[in-house]
Amino acid sequence: MYEFAYHRPNSVRKAASLTASGEAKLLAGGQTLLPTMKQRLAAPDALVDLAGIEVLQGIELKGRTLHIGAMTRHADVASNATVREALPALASLAGGIGDPHVRAMGTLGGSIANNDPAADYPAACLGLGATIVTNKRRIAADDFFTGMFETALEDGEIITKVLFPLPRRAAYAKFDNPASRYALVGVFVSKRGRDIRVAVTGAGPCVFRVPAMEEALGRRFSPKSLEDISVDAGDLNSDIHASAEYRAHLVGVMARRAVLAT
Amino acid sequence: MPKVTMTVNGTSASADVEPRTLLSQFLRDHLRLTGTHVGCDTSQCGACVVHVDGRAVKSCTTLAVQWNGASVTTIEGLASGDQLHPMQEAFREHHGLQCGFCTPGMIMAAVDMVNRHGGVPDEKTIREGLEGNICRCTGYHNIVKAIGAGAAAMTGGKQAAE
Ligand SMILES: Cc1cc2nc3c(=O)[nH]c(=O)nc-3n(C[C@H](O)[C@H](O)[C@H](O)COP(=O)(O)OP(=O)(O)OC[C@H]3O[C@@H](n4cnc5c(N)ncnc54)[C@H](O)[C@@H]3O)c2cc1C
Ligand code: FES
Ligand code: FES
């Protein structure tokens, strides 16, 4: 790692002003950023640690919307009684990220800001129609994840929390890469009134929805409705872990498993 | 250079460190607590696991400056005098190690697992709990056995809630 300065502000406003200058980067759980800096793929001149900002922590149910602070750790989402009761699909998704030590540090905000093509939280945000709140504005999940490791965030913009509207039914089915535990393919399915969402992570360069599956589930919410629907392998990733064709196949299998589990 | 002060294994420790100093380097190089091993230095193997404020973390993937004021427990902090911690004793008894390189991280992960589950976890839970710890020697069977026995010794055999 190259040298850098370290700051630990106690407010979002101070964090924003510290990141406005130079090549500073926000530090959340560090589970992606620090390994990247060790490899010298990132070389910020300063890190602005968000861990000292109280308003970024915590979980609260307000009416039919679950508010989760950006600095909430994966382990705390997984074990939180409110999340387990109100949105168990999200608790189990968080409990399936990486390993216990990664979950003790990694955060919701860090995960979605990073938008790894194989990360789990982007599927939950898109699959539930969440709203991402920053220090500047509110961004619908549909507009937030813009490409591989790309988001709608501007330089220095800080995610403060994510709002998840509670669905009537929801489930996440993940086929983990056995080595890394990232999603080879993960599918998040939810139903809230007439709004049905199917969001896929791991398969393509960025999390995406499958409108054909959503329409079919709108006619009848059953795994059977998905039997004849396939996604085009042409748009999917191919690497040492799996071919695009295999990933396309897994999208169908995981989507049916998710529907069955709702 | 920023000064960091932590309680490590019950004793206050402080040093002036560069911000880029990893917690693993702080423990090994500044405090000479070399029981915490660095296997991969890429966040994969778990040899470097220590407890920080009661949670198991990979000390190679966090900065010492992040933990000013925190309480850290390393493998050196488990035994009391000549008396091994029940989890250490169980690893010895059940042959849960061969070369021993992964063992400090395995034991710190195991103790954390028992603390979180509050009882003896079943085999599936133990295996899932070891997803962040890699062993090149044992094939894991005896590690799993040792953790079950260590958990029973720590909790008087109470079954975990989940
Ligand atoms: C061994 C291992 C296994 C893993 N397995 C999985 C897995 O199975 N599934 C999965 O989804 N992930 C996995 N991860 C990634 C893990 O979930 C990370 O914690 C996560 O991707 C990044 O979160 P973080 O809090 O550590 O962020 P950091 O690493 O601290 O930051 C990541 C990026 O986000 C930016 N950032 C952080 N917080 C904010 C904010 N509030 N606003 C704006 N920008 C911000 C940072 O500047 C940085 O660019 C794994 C990681 C490891 C090391
Ligand atoms: S040395 Fe930290 S995970 Fe391998
Ligand atoms: S005993 Fe040798 S690596 Fe585990």
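Residue numbers begin at 1 in each chain, while the letters A, B, ... track the order of the sequences.
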For this session: Mind checking ring-ring contact (aromatic ring centres under 6.0 Å, His included) for B:H30 and listing every partner two or more places apart, or none if nothing turns up?
Result: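 Per chain and number, B:H30 pairs via ring-ring contact (aromatic ring centres under 6.0 Å, His included) with B:F26.
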Can you say whether [X] sits under 4.5 Å from chain A via the side chain, the backbone, both, or neither, judging by heavy atoms?
X: B:V57; result: both
X: B:L63; result: both
X: B:R55; result: side chain

Exercise. What part of A:A104 gets closer than 4.5 Å to chain B, counting heavy atoms only: side chain, backbone, both or neither?
Worked result: both
Exercise. For A:L33, is it the side chain, the backbone, both, or neither that has a heavy atom closer than 4.5 Å to a heavy atom of chain B?
Worked result: neither
Seminar exercise, completed: Note: vs chain A, highest number of non-hydrogen pairs under 4.5 angstrom among B:T62, B:D41, B:T42 is B:D41
Exercise. Do you know the tightest heavy-atom contact between B:G129 and A:P100?
Worked result: O-CG, 3.5 Å
Would you say that more than 12 heavy atoms from the other residues, nucleotides or ligands in this model lie under 6.0 Å from the [atom1] of [X], or not?
X: A:D239; atom1: CG; result: yes
X: A:R181; atom1: CZ; result: yes
X: A:R169; atom1: CZ; result: yes
X: B:Q98; atom1: CD; result: yes

Look at [options] and state which one has the largest set of heavy-atom pairs under 4.5 Å with chain B.
options: A:R103, A:M1, A:E3; result: A:E3
options: A:Q39, A:M105, A:M37; result: A:M105
options: A:G52, A:A5, A:G30, A:P35; result: A:P35

Exercise. Pairs in or reaching into residues 90-102 of chain A: which pass side chain to side chain donor-acceptor pair (under 3.5 Å), with residues at least two apart or in two chains?
Worked result: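 Listed by first then second residue: A:D99-B:K58, A:H101-B:N133.
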For this session: With a 4.5 Å heavy-atom cut-off (strictly below), which parts of residues 66-93 of chain B touch chain A? List them by number.
Result: B:Q66, B:W67
Exercise. What pairs of residues pass the ring-ring contact (aromatic ring centres under 6.0 Å, His included) test when at least one of them lies in residues 93-114 of chain B, not counting sequence neighbours?
Worked result: B:H37-B:F101
When rounded to the nearest 0.5 angstrom, what is the spacing between [atom1] in [X] and [atom2] in [Y]?
X: A:L34; Y: B:C60; atom1: CG; atom2: SG; result: 9.5 Å
X: B:E18; Y: A:F4; atom1: CD; atom2: CZ; result: 9.0 Å
X: A:S180; Y: B:Q44; atom1: OG; atom2: CD; result: 8.0 Å

For this session: Return yes if some donor-acceptor pair links the side-chain N/O of A:Q31 with the main-chain N/O of B:T61 below 3.5 Å, else return no.
Result: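 Yes.
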Exercise. Is the closest side-chain heavy-atom distance between B:V65 and A:R8 below 4.5 Å?
Worked result: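 No, too far: nothing below the 4.5 Å cut-off.
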